[in-house]
There are 2 protein chains.
Amino acid sequence: MSLDHAVLGFLTYGPSTGYDLKKLFDSTVRHFWPADQSQIYRTLARLGAQGFVAHELIDQDPLPDRKVYSLTEDGRAEFLRWLAAPHAPDPVREGSLIQVFFAGHLSDEEILRLAKLQAKGLRQRIRTLEGLCPLLEEHASQIGTRRDAFFWGVTLEHGLLMNRAALRWIENVIKRLKTPGQTPVAS
Amino acid sequence: MSLDHAVLGFLTYGPSTGYDLKKLFDSTVRHFWPADQSQIYRTLARLGAQGFVAHELIDQDPLPDRKVYSLTEDGRAEFLRWLAAPHAPDPVREGSLIQVFFAGHLSDEEILRLAKLQAKGLRQRIRTLEGLCPLLEEHASQIGTRRDAFFWGVTLEHGLLMNRAALRWIENVIKRLKTPGQTPVAS
DNA sequence: AGGGTATATAGGATTTGTCCTATATATGAC
DNA sequence: GTCATATATAGGACAAATCCTATATACCCT
């Protein structure tokens with residue numbers, strides 16, 4: 001349950017509401033762990049029932065009360081325990097590769113069309129990640145330390161490197177499709 | 001619903017049972033699309049209800065009857081429609097990065113320990129993928145064409161490249177942790 | 001005047017995937 | 001002799017995630 005610990009993690013920086021957490025998620029970890037608004041509220045409720053977070057109500061009439069959540073002692077302990085423990089990597093799920101896997105049923109032209117679309121999507125995603133860089137630095141200076149900023153940047157770097165590798169891969173596939181007769185051997 | 005189309009895809013090579021499909025999944029697409037046994041059977045049932053597959057029973061007393069599924073006309077049409085259409089990439093979910101994101105709360109020693117474990121896992125995964133190569137070629141020669149073998153190999157290549165990129169990334173992070181004072185800037 | 005966005009929470013419904021169990025027998029390993 | 005593995009299907013229970021809707025008001029744009 002990574003989301004639970006991501007929420008606890010953000011609360012180590014100080015109390016926050018579900019609404020603010022959602023925005024924080026979107027501007028920092030969305031690129032490797034998207035979180036639905038509805039899921040965040042439910043997670044906060046569950047963490048509350050487990051005693052890992054507590055909240056106080058702040059009246060905002062006529063808007064709904066703000067529920068400002070903060071970490072309890074137990075919550076902080078649980079987070080640090082999780083953070084220091086090794087975890088199995090989550091299984092990979094790349095649906096687009098299923099299409100590639102069965103692409104032999106299509107004509108080269110059709111495959112090229114799809115591959116180029118994929119490449120376009122990857123380039124777009126890379127630009128999005130590059131645009132995230134200043135945003136992340138802004139957040140780091142606001143709520144985190146310089147040390148935090150290093151690790152935040154490193155996760156962004158991961159996204160960039162992976163997407164660039166995927167782009168190189170698909171561009172290479174396109175190249176090989178255009179010049180047939182080559183051995184497709186991996187390794 | 002990628003699984004549905006993966007199942008339909010495998011059935012284009014000929015009729016099969018849920019049991020055999022599970023084995024086929026494990027030896028070909030498991031590295032980018034793991035499928036639970038239980039899920040495969042339920043998927044076959046659902047595809048049957050939708051009219052995309054049909055099955056005949058083969059008595060095997062005392063073992064349970066084999067349900068040999070084959071594609072219907074509708075099923076083949078649906079698969080080819082899906083195969084030729086562009087699809088949005090599935091969202092990335094890398095739980096391990098959440099740990100990296102909050103790693104600032106740990107000591108350098110603890111982080112190094114975890115990072116080295118991650119690297120070890122990646123090397124292991126790379127070896128597994130390399131070992132899958134001959135298996136995949138064997139399957140390709142048995143049930144697919146040479147053209148299929150190309151695309152099957154390309155998906156494997158994707159896995160190798162992505163895991164190697166991830167390994168380089170983590171090794172670089174380890175290096176930077178050991179020599180402090182360097183700018184962590186991405187890009 | 002009407003439509004989109006921001007503020008704030010929350011629940012229903014559905015989908016997708018995992019884990020575990022049940023059934024029934026044969027074979028090979030230790 | 002017992003224990004794991006292979007053969008074959010199937011369902012209950014649960015977890016995780018997404019989508020949509022409801023509530024209420026204010027502000028800005030056209």
Side-chain angles (χ1 to χ4, degrees), chain A residues 1-8 15-27 29-50 53-69 87-95 98, chain B residues 1-8 15-27 29-50 53-69 87-95 98:
Chain A
M1 283 168 293
S2 297
L3 183 61
D4 297 42
H5 295 96
V7 168
L8 293 177
S16 184
T17 65
Y19 189 79
D20 289 331
L21 282 171
K22 167 63 177 159
K23 282 192 295 183
L24 204 48
F25 263 81
D26 282 347
S27 57
V29 299
R30 189 198 201 335
H31 59 104
F32 60 85
W33 201 267
D36 193 74
Q37 169 258 42
S38 163
Q39 213 188 339
I40 288 178
Y41 283 106
R42 273 189 259 247
T43 297
L44 283 168
R46 187 157 23 84
L47 291 173
Q50 290 174 294
V53 298
H55 70 265
E56 57 171 334
L57 294 174
I58 294 184
D59 191 76
Q60 282 210 303
D61 200 64
L63 269 68
D65 293 349
R66 286 166 62 87
K67 282 193 175 179
V68 181
Y69 286 89
H87 302 288
D90 344 56
V92 182
R93 254 166 217 294
E94 288 274 8
I98 297 181
Chain B
M1 282 168 290
S2 297
L3 183 60
D4 297 43
H5 295 97
V7 167
L8 293 176
S16 183
T17 66
Y19 189 79
D20 290 332
L21 282 171
K22 168 60 176 160
K23 284 192 297 184
L24 204 49
F25 263 80
D26 283 346
S27 57
V29 298
R30 187 199 204 328
H31 60 103
F32 59 86
W33 200 267
D36 192 74
Q37 169 256 42
S38 164
Q39 212 188 340
I40 288 178
Y41 283 106
R42 276 189 256 247
T43 297
L44 283 167
R46 186 157 24 85
L47 291 173
Q50 289 174 292
V53 299
H55 68 268
E56 56 170 335
L57 294 174
I58 295 184
D59 189 75
Q60 281 209 300
D61 200 63
L63 269 68
D65 292 350
R66 283 167 64 87
K67 281 192 173 177
V68 181
Y69 285 89
H87 301 289
D90 345 56
V92 182
R93 249 163 221 295
E94 289 272 9
I98 297 181

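Quick note on labels: first sequence line is chain A, next is B, and so on, each numbered from 1.
- In this structure, CG of B/D36 is placed 16 Å from P of D/dG12, rounded to the nearest angstrom.
- Atom-to-atom, CD1 of B/I40 to P of C/dT18 comes out at 11 Å; the value is rounded to the nearest Å.
- Protein atom CZ of A/R46 is 12 Å distant from nucleotide atom C1' of D/dC14, rounded to whole Å.
- In this structure, the side chain of A/K23 does not engage the main chain of A/G18 through any donor-acceptor pair within 3.5 Å.
- Listed nucleotides D/dA8, C/dT18, C/dA8 differ in distance to A/Y41; the shortest reach to its side chain belongs to C/dA8.
- As a whole-Å value, the separation of A/L21 CG from C/dT7 P is 14 Å.
- Atom CZ of B/R93 sits in a crowded spot, with more than 12 heavy atoms from other residues, nucleotides or ligands closer than 6.0 Å.
- Within the structure, a side-chain polar atom (N or O) of A/K67 is placed less than 4.0 Å from OP1 or OP2 of C/dA10.
- Looking at B/D65, its side chain never comes within 3.5 Å of a backbone N or O of B/L57 through a donor-acceptor pair.
- Within a 6.0 Å radius of CZ in A/R30, other residues, nucleotides and ligands contribute 12 heavy atoms or fewer.
- Side-chain N/O atoms of A/S38 and base N/O atoms of C/dG11 include a donor-acceptor pair closer than 3.5 Å.
- Side chain B/Q37 to base D/dT9: a donor-acceptor pair is found below 3.5 Å.
- Comment: A/R42 does not engage A/D36 in a salt bridge, judged by the lack of any side-chain N to carboxylate O separation of less than 4.0 angstrom.
- Mapping B/R42 and B/G18 onto DNA chain D by nearest heavy atom places B/G18 closer to the 5' end of the strand.
- Summarising the geometry, the separation between CE on A/M1 and P on D/dC14 is reported as 15 Å, rounded to the nearest angstrom.
- For C/dT7, one of the phosphate oxygens OP1 or OP2 lies less than 4.0 angstrom from a side-chain nitrogen or oxygen of A/K23.
- Across the protein-nucleic acid pair, B/D59 atom CG and D/dA8 atom P stand 12 Å apart, rounded to whole Å.
- If you take CG of B/L44 and P of D/dA8, they are 15 Å apart, rounded to a whole angstrom.
- B/R93 comes within 4.0 angstrom of sugar-phosphate atoms only, judged by non-hydrogen atoms across all strands, and of no base.
- Listed nucleotides: C/dG17, D/dC19, C/dT9. Nearest to the side chain of A/Y19: C/dT9.
- Between D/dA16, C/dA8, C/dT16, one nucleotide has an atom nearer to the side chain of B/Q39 than all others, and that is C/dT16.
- Rounded to whole Å, the distance from CG on A/D65 to C1' on C/dA10 is 13 Å.
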